[in-house]
Amino acid sequence: QVQLVESGGGFVQAGDSLRLSCASSDQSFISASMGWFRQEPGKEREFVAAITWSGLTTHYEESVKGRFTISRDNAKNMTYLQMDNLKPEDTAVYYCAAVPGGGYQIWTEQNDYPVWGQGTQVTVSS
């Protein structure tokens, strides 16, 4: 079964960019629908972005539209979240998640995703 490991988080200033990466354990990743979620201190985990297995369909949370881009490279078993024009309110732990076999649809609910990475911290200062 697919396993996920996030990387690329860090400490940046407002207006900077980061690219998060999500590495999967095996090629079963190709049939999975992928998503990114984030969780701020004291708040519930929230949806950020999702992508179908083909990479042709994406969906974003309203506050990140035009700033974040989700993409995937199935040949490398990788999913990415390019984050531009970062804001302090983007500060959170970011999680990569997968719906194995769900690659034909976009999933936006936390409970839709049975497979999760451990998270990577993104901190944006003013």
Side-chain angles (χ1 to χ4, degrees):
Q1 192 81 284
V2 62
Q3 292 181 298
L4 308 175
V5 179
E6 303 96 332
S7 63
F11 194 105
V12 298
Q13 292 186 319
D16 286 350
S17 297
L18 282 174
R19 190 194 197 197
L20 305 184
S21 297
C22 175
S24 62
S25 61
D26 57 50
Q27 291 183 332
S28 64
F29 162 85
I30 193 170
S31 66
S33 181
M34 302 297 298
W36 287 94
F37 290 75
R38 65 186 180 187
Q39 188 167 21
E40 301 173 65
K43 298 183 178 181
E44 295 185 349
R45 193 169 301 181
E46 68 172 349
F47 170 80
V48 176
I51 189 168
T52 58
W53 72 269
S54 67
L56 296 178
T57 304
T58 58
H59 183 68
Y60 299 91
E61 190 272 326
E62 189 68 26
S63 70
V64 308
K65 287 182 179 178
R67 298 190 298 119
F68 290 11
T69 303
I70 186 172
S71 63
R72 64 192 296 164
D73 186 340
N74 289 342
K76 298 180 179 179
N77 296 336
M78 297 291 292
T79 307
Y80 306 100
L81 185 67
Q82 177 67 40
M83 304 184 294
D84 297 324
N85 191 25
L86 283 162
K87 302 176 180 180
E89 51 262 44
D90 294 319
T91 295
V93 176
Y94 283 72
Y95 297 89
C96 180
V99 183
Y104 294 101
Q105 300 181 55
I106 289 287
W107 306 91
T108 61
E109 298 297 324
Q110 182 177 174
N111 291 339
D112 293 327
Y113 290 81
V115 181
W116 294 82
Q118 75 288 339
T120 185
Q121 177 70 47
V122 173
T123 302
V124 185
S125 63
S126 300

**Student:** At what distance, to the nearest 0.5 angstrom, does CD1 of Ile51 lie from OH of Tyr80?
**Tutor:**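 That separation rounds to 11.5 Å.
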
**Student:** Are Phe68 and Glu61 close enough, and set up right, to give a side chain to side chain contact (heavy atoms under 4.5 Å, CB included), and what steps lead you there?
**Tutor:** CA-CA 9 Å; Phe68 290 11; Glu61 190 272 326; over 6 Å; no

**Student:** For the CG atom of Asp84 and the CG atom of Leu18, what is their distance to the nearest 0.5 Å?
**Tutor:**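 One finds 9.5 Å between CG of Asp84 and CG of Leu18.
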
**Student:** Could you grab the distance from atom NZ of Lys76 to atom OG of Ser24, nearest 0.5 Å is fine?
**Tutor:**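 The NZ atom of Lys76 sits 13.0 Å away from the OG atom of Ser24.
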
**Student:** Does any non-hydrogen side-chain atom of Val115 lie less than 4.5 Å from one of Gln3?
**Tutor:**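 Answer no - side chains too far apart.
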
**Student:** Answer yes or no: is there a side-chain heavy-atom contact under 4.5 Å between Met83 and Trp36?
**Tutor:**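 With C-beta onward as the side chain, the pair stays apart.
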
**Student:** Under 6.0 Å between ring centres, would you say that holds for Phe37 and Tyr113?
**Tutor:** yes

**Student:** Any sub-3.5 Å donor-acceptor pair from Arg45's side-chain atoms to Val93's backbone N or O?
**Tutor:**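 The answer is no, because no donor-acceptor pair under 3.5 Å joins these two groups.
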
**Student:** Is the shortest side-chain heavy-atom distance between Thr79 and Ile70 below 4.5 Å?
**Tutor:**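 A side-chain contact exists here, since the closest heavy-atom pair is under 4.5 Å.
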
**Student:** Provide the closest heavy-atom pair for Glu6 versus Gly119 in the form atom of the first, atom of the second, distance.
**Tutor:**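 Minimum heavy-atom contact is OE1-N, 2.9 Å.
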
**Student:** Find out whether Ser33 and Gln105 are in side-chain contact, i.e. whether some heavy atom of one side chain is under 4.5 Å from a heavy atom of the other.
**Tutor:** no

**Student:** When rounded to the nearest 0.5 angstrom, what distance separates CG in Leu81 from OG1 in Thr69?
**Tutor:**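 Here the rounded value is 8.0 Å.
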
**Student:** So, for Pro100 and Ala32, which heavy atoms are closest and what is the spacing to 0.1 Å?
**Tutor:** CA-CB, 4.1 Å

**Student:** Would a 4.5 Å heavy-atom cut-off, applied to side chains only, mark Gln110 and Trp116 as touching?
**Tutor:** yes

**Student:** So Leu4 and Met34, do their side chains get closer than 4.5 Å, heavy atoms only?
**Tutor:**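 When only atoms from C-beta onward are counted, Leu4 and Met34 do touch, with a gap below 4.5 Å.
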
**Student:** Nearest heavy-atom pair of Leu86 and Arg67: which atoms, and what distance?
**Tutor:**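 Nearest heavy atoms, Leu86 then Arg67: CA-NH1, 3.9 Å.
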
**Student:** From Gln39 CD over to Gln121 CD, what is the distance, rounded to the nearest 0.5 angstrom?
**Tutor:**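 So the gap between those two atoms works out to 11.0 Å.
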
**Student:** Once you measure the plane-to-plane angle for Trp53 and Tyr104, does it fall in the parallel (<30°), tilted (30-60°) or perpendicular (>60°) bin?
**Tutor:**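 Ring orientation, 0 to 90° scale: perpendicular.
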
